[in-house]
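We name chains A, B, ... by the order of the sequence lines, and we start the count at 1 in each one. Just so it is clear, the values below take in all heavy atoms, side chains as well, and ignore hydrogens, waters and symmetry mates.
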There are 2 protein chains.
Amino acid sequence: MQSLRMGINEKLYLKDPESSDLGKKIIEQSILMINEMGFESFTFKKLGTAISSNESSIYRYFENKHKLLLYLASWYWGWLEYRMVFATYGIPDDERKLRKAIEILTQNVEEDNAFTHINEVILNKIVINEYSKSYLTKEVDKENKEGYFLVYKRMVNRLAEMIMAVDGDYPYPISLASTIFEGSLHQYFLQEHFPALTNCNESVTPLEYFTDLINRTLNVKPND
Amino acid sequence: MQSLRMGINEKLYLKDPESSDLGKKIIEQSILMINEMGFESFTFKKLGTAISSNESSIYRYFENKHKLLLYLASWYWGWLEYRMVFATYGIPDDERKLRKAIEILTQNVEEDNAFTHINEVILNKIVINEYSKSYLTKEVDKENKEGYFLVYKRMVNRLAEMIMAVDGDYPYPISLASTIFEGSLHQYFLQEHFPALTNCNESVTPLEYFTDLINRTLNVKPND
DNA sequence: CAAATATAAAAGTATTACTATCAATATTAT
DNA sequence: ATAATATTGATAGTAATACTTTTATATTTG
């Protein structure tokens, strides 16, 4: 589990929230609150009240709520990456491997692991609703240079490599990979708020849509 | 040109910005400023100063900057829809028609029409960087009910219908359409800020990527 | 037990996102 | 031309946000 934090840039926090009870409470409660009230309405003052702590104490862990969102996102992608690497490890067939990766990536996080202070089910919802806001900013280039998006970028690249392994001739592997990442979050969002803009529903999952898309798009090369 | 405003929900503004010089200046300058400083830093106070008017006067046109963003987005999608309908009108071949639609949709807005107060080139940049923020909110369901996203939804549906005309057996036409809409904006964003996450660059356009994707995904039915 | 460290409480600042009031100008109607 | 009306501008005010600073109080550690 420690390894999950691997890749979370140290500049995202002033003091490691995993290093104290207060830090863990900040993470735990911020996930719940951002999900409930949305990122815009969420403030450190409200968070402080909710965990019976003080605004100023939270500022000793995170510079601002934007950095906290980047931290939560990094944690999420690191967690997904771990699950993806674990689930695809040792699969010899490139096609099956890719399909497994997309399964991890696009499947709804349903079971609540709940063995840490981090609720992955709710964190997944936050990522669906708020992740774009973490990079659609004027500071994105500077923050990218600082390495705040490394975990996400590494994951998209992993998928692109799996795509290339299946069809080395496909000319847009990295665009397809980033489309699946962004598109998966988007289809879940549409399912909830704009059902008329997606074919995904209770019986059709984003996994099916994207698996089908991959099948149609890639030419499986014969085993050599 | 008047027809462009068709579909812009009247509840998005308190007073029609097209009905006065001040209103037009608000639209013109807000596009420039949101592009320059980003939506978060943009305020009505700054806008007022920039156009030598007053904060309170701007509030007589728009309730808040969120509604202004929704207005600009509606204008943009209405403009694109007009261009798309115009460009595809009368094309008898379904495949060519679909390809033309995707061309309009994904091609970079390069030429500055500049015959109104609205700079479409810059507005396109705003849509790439800020559009998601207009619906990734806690109020999205209420605002959707109010009809603030109608133009966009109509456009996605138009594309889905063209997809169905080409391949009536394809099971995910509306998901594919929404993927292309969102994905096109996303690929442009990546090209600028995360070039390692896209195959699009100076020589490869999102149009080529999505045209290829459509070609691979849809089975063209023989003319009957 | 003393020293260091972490947290809490309180107060303060600048800015945002408005609202309200009133005066100054245009515009329009008679 | 004048009165009535609508529009805009200027000013002030409020509550909340996004912090920073200072001081006091716990808690931990050596």
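Figure legend: cation-pi geometry between B:Lys65 and B:Phe42 absent, as NZ or CZ is not positioned both under 6.0 Å from the six-membered ring centre and within 45° of its axis.
In this structure, A:Ser57 reaches the C:dA8 phosphate: one of its side-chain N or O atoms is under 4.0 Å from OP1 or OP2. Contact annotation: B:Lys45 does not reach the phosphate of C:dT16 (side-chain N/O to OP1 or OP2, under 4.0 Å). Within the structure, a side-chain polar atom (N or O) of B:Ser20 is placed less than 4.0 Å from OP1 or OP2 of D:dT8. For D:dT8, one of the phosphate oxygens OP1 or OP2 lies less than 4.0 angstrom from a side-chain nitrogen or oxygen of B:Lys15. Between A:Lys46 and D:dA16, a side-chain N or O to OP1/OP2 separation shorter than 4.0 Å is absent. Distances shown here put every side-chain N or O of B:Tyr59 at or beyond 4.0 Å from the OP1 or OP2 atom of D:dT8.
Taking a cutoff of 4.0 Å between a charged side-chain nitrogen and a carboxylate oxygen, B:Glu81 and B:Arg154 qualify as a salt bridge.
Across all strands, A:Tyr61 comes closer than 4.0 Å only to sugar-phosphate atoms, never to a base (heavy-atom distances). In this structure, B:Ser52 reaches the sugar-phosphate backbone alone: every heavy-atom distance under 4.0 Å involves primed, P, OP1 or OP2 atoms, never a base. Among the protein residues, B:Phe44 comes within range of no part of the nucleic acid, since none of its heavy atoms lies under 4.0 Å from any strand. Base contact: B:Glu55 has a heavy atom under 4.0 Å from a base atom. Using a 4.0 Å heavy-atom distance criterion, A:Ser53 is classed as a sugar-phosphate-only contact.
Between B:Trp77 and B:Tyr82, the distance from one ring center to the other does not fall under 6.0 angstrom. Ring to ring, A:Tyr61 and A:Tyr13 are not that close: their centroids are 6.0 angstrom or more apart. Ring to ring, B:Tyr135 and B:Tyr152 are not that close: their centroids are 6.0 angstrom or more apart.
With rounding to whole Å, A:Asn54 atom CG is found 15 Å from D:dC19 atom P. One interatomic measurement links the two molecules: CD of B:Glu40 to C1' of D:dC19, which rounds to 17 Å at whole-angstrom precision. Atom C1' of nucleotide D:dT7 and atom CG of B:Leu14 are separated by 14 Å, given to the nearest angstrom. Note: CD1 (B:Ile51) to P (D:dA10) measures 12 Å, nearest angstrom.
For B:Ser56, counting side-chain heavy atoms from C-beta on, the closest listed nucleotide (D:dC19, D:dT17, C:dA20) is C:dA20. Counting only heavy atoms from C-beta on, A:Arg60 has its side chain closest to C:dT7 among D:dA18, D:dG9, C:dT7.
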